[in-house]
Amino acid sequence: MTLGIGVIGTGAIGQDHIRRVSRALSGGRIVALNDINADNARRAAQEWAPDAVICDTARDLVARPDVQAVMVTSWGGTHAEYVLDAIAAGKPVFCEKPLATNAADCLRIMEAEMARGRRLVQVGFNRRYDSGYLDLKAILDNGTIGDVLMVHAMHRNQRVGPNYKTEMAITDTLVHELDVHRWLLDGEYVSAQVIFPRRTSKALPHMRDPQIALLETKRGIRIDVEIFVNCQYGYDIQCAVVGELGQANLPDPPAVPVKTGETLSRHIMKDWKYRFIDAYDAEIQDFIDRASTGSPAGPDSWAGYAASVAADACVRAQESGRIEPIEMIAKPAFYSR
Ligand code: NAI
Ligand code: ISE
């Protein structure tokens with residue numbers, strides 16, 4: 001069976017996922033597109049999915065009988081509404097991160113999904129499909145470095161545009177880290193603090209950049225994450241986990257070391273699109289495979305909720321300058337199955 005997929009939001013990552021479904025993966029076909037900027041949808045169709053219908057509204061797209069699964073790749077603040085529409089229609093939905101820009105909306109999504117009685121949502125926490133992170137998790141799980149004490153992480157983007165606000169360093173960027181560290185360590189957070197080092201002159205005037213988030217888990221593990229979204233030189237994701245017996249690092253993506261003119265150099269990637277290309281392929285293929293035969297199995301609404309609760313605390317911490325508590329509801333049995 002080929003899964004008919006409708007995509008809401010045909011910007012950077014929407015187009016990239018449309019391309020991978022149409023050209024790189026198997027079992028899925030893009031049948032419908034929607035974007036508040038209809039030109040974007042038309043361009044995406046022209047390039048990657050010429051047979052796809054352009055829908056006037058996202059609701060029309062979700063209601064189409066040939067749309068068997070939905071992908072939400074619009075701006076973060078619009079995700080909750082569209083995910084709820086897909087759940088109401090009983091259709092599996094892949095939602096790019098964040099699941100919602102606040103925990104209250106994630107709760108509404110979980111309640112709607114539980115009321116339908118089956119898992120329908122997969123959140124785009126692509127790092128859980130990245131071979132480097134999977135290898136790192138295997139090392140932590142098999143005890144090679146002993147009990148974990150600390151994590152030092154770094155999330156750098158080359159630059160961000162005028163629509164990117166200081167708060168998005170948390171809701172749009174740190175949210176990857178908030179998910180991946182609780183997954184890596186298999187533990188929940190209890191508090192967060194955000195501090196601002198000296199501001200880079202390379203950021204647009206409305207933005208405070210860089211920032212450092214300091215997280216603590218229930219077991220007392222301390223995680224520091226530098227978020228620097230105008231670092232200029234490229235896309236750079238680092239993670240070093242320190243245990244009682246040693247340290248394990250996230251590997252850099254392979255790049256040929258080049259020696260010329262008494263210099264040794266290696267290319268650094270420009271952005272997320274190439275850095276995590278294999279992980280995006282794997283997560284979307286997983287969504288297609290599972291949605292075709294039943295329910296998605298990748299990162300669930302609970303993961304989306306947990307990351308959003310922590311993100312809410314970090315946003316509060318940005319404003320207060322204090323250590324803010326992170327408190328989650330008890331995990332519903334539905335998400336422990
Ligand atoms: P973008 O700005 O390039 O594209 C967003 C598209 O959504 C635009 O075409 C815009 O017109 C459309 N849109 C906005 N509001 C809409 C609405 N109400 N209904 C329909 N369409 C609407 O943004 P980008 O970079 O593609 O990001 C989209 C989402 O994907 C964000 O949530 C972002 O956090 C996530 N993302 C995830 C990445 C990852 O590594 N997993 C990488 C990049 C983005
Ligand atoms: C973007 O939305 C992503 O998800 C990228 O992976 C991240 O590096 C970037 O900071 C976000 O804006």
Inset, instruction - Output all residues satisfying side-chain contact (heavy atoms from CB on, under 4.5 Å) with P257, sequence neighbours left out; order by chain, then residue number. - result: L264, R266
Inset, instruction - Please list, chain by chain and in numerical order, all residues satisfying ring pair (Phe, Tyr, Trp, His ring centres under 6.0 Å) with W302, sequence neighbours excluded. - result: Y305
Legend entry - ring pair (Phe, Tyr, Trp, His ring centres under 6.0 Å) partners of F94, counting only residues at least two apart: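 For F94, the residues satisfying ring pair (Phe, Tyr, Trp, His ring centres under 6.0 Å) (neighbours in sequence not counted) are H17, F287.
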Inset, instruction - Please report the C-alpha distance between I8 and V62 in whole Å, then the side-chain angles of each, then the deciding distance to 0.1 Å, and finally whether the side chain to side chain contact (heavy atoms under 4.5 Å, CB included) criterion is met. - result: CA-CA 9 Å; I8 303 169; V62 172; 4.1 Å; yes
Inset, instruction - If you link ILVMFWY side chains whenever their heavy atoms are less than 4.5 Å apart, which other residues fall into the same cluster as M150? By chain and number, please. - result: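 M150 shares its hydrophobic cluster with L149, V242.
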Legend entry - Remaining members of the apolar cluster that contains Y233, side-chain heavy atoms under 4.5 Å: M154, I268
Inset, instruction - Specify the closest pair of heavy atoms between K97 and V123, including all atoms of both residues, with the distance to one decimal. - result: CA-CG1, 4.3 Å
Inset, instruction - List the atom of P92, the atom of G294, and the distance in Å for their closest heavy-atom pair. - result: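 Nearest heavy atoms, P92 then G294: CG-O, 4.4 Å.
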Do the side chains of [Y] and [X] get nearer than 4.5 Å, heavy atoms only?
X    : Y    : value
S26  : Q285 : yes
D236 : C231 : no
R222 : L214 : yes
R19  : E47  : no
L3   : M1   : yes
Y235 : H155 : yes
S308 : L99  : no
R275 : D130 : yes

Inset, instruction - Output yes when D271 and K273 qualify as a salt bridge under the 4.0 Å nitrogen-oxygen rule, no when they do not. - result: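 Result for this pair is no, no salt bridge flagged.
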Measure from the side-chain N and O atoms of [X] to the backbone N and O of [Y], and report whether any donor-acceptor pair falls under 3.5 Å.
X    : Y    : result
E216 : S191 : no
Q158 : Q232 : yes
H79  : E96  : yes
R199 : M207 : yes
Y189 : R182 : yes
D209 : V229 : yes
H152 : D224 : no
T73  : G9   : yes
Y164 : A169 : yes

Side chain to side chain donor-acceptor pair (under 3.5 Å) contacts touching [range] (sequence neighbours left out):
range            : result
residues 27-36   : T10-D35
residues 109-119 : E113-S301, E113-Y335
residues 250-265 : Q238-D252

Inset, instruction - Tell me yes or no: between the side chains of Q211 and Q318, is some donor less than 3.5 Å from an acceptor? - result: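 A pair is found: one side chain offers a donor N or O, the other an acceptor, under 3.5 Å apart.
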Linking I/L/V/M/F/W/Y whenever any side-chain heavy atoms sit under 4.5 Å apart, do [X] and [Y] land together?
X    : Y    : answer
Y274 : I13  : no
L184 : I326 : yes
V93  : I5   : no

Inset, instruction - Mind checking the NZ-CZ spacing from K137 to R128? Nearest 0.5 Å is all I need. - result: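 Interatomic distance, K137 NZ to R128 CZ, rounded to 0.5 Å: 8.5 Å.
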Inset, instruction - Look up atom CH2 in W183 and atom CG in L140, then write down how far apart they are to the nearest 0.5 Å. - result: 9.5 Å
Legend entry - Full working for side chain to side chain contact (heavy atoms under 4.5 Å, CB included) between V31 and Q68: CA-CA 9 Å; V31 295; Q68 294 157 312; over 6 Å; no
Inset, instruction - May I have all residue pairs that pass salt bridge (Lys or Arg N to Asp or Glu O under 4.0 Å) and include part of residues 80-92, sequence neighbours excluded? - result: R59-D85
Only pairs at least two apart or in different chains count here, so list each ring-ring contact (aromatic ring centres under 6.0 Å, His included) that has a residue in [range].
range            : value
residues 240-263 : none
residues 21-58   : none
residues 108-150 : none

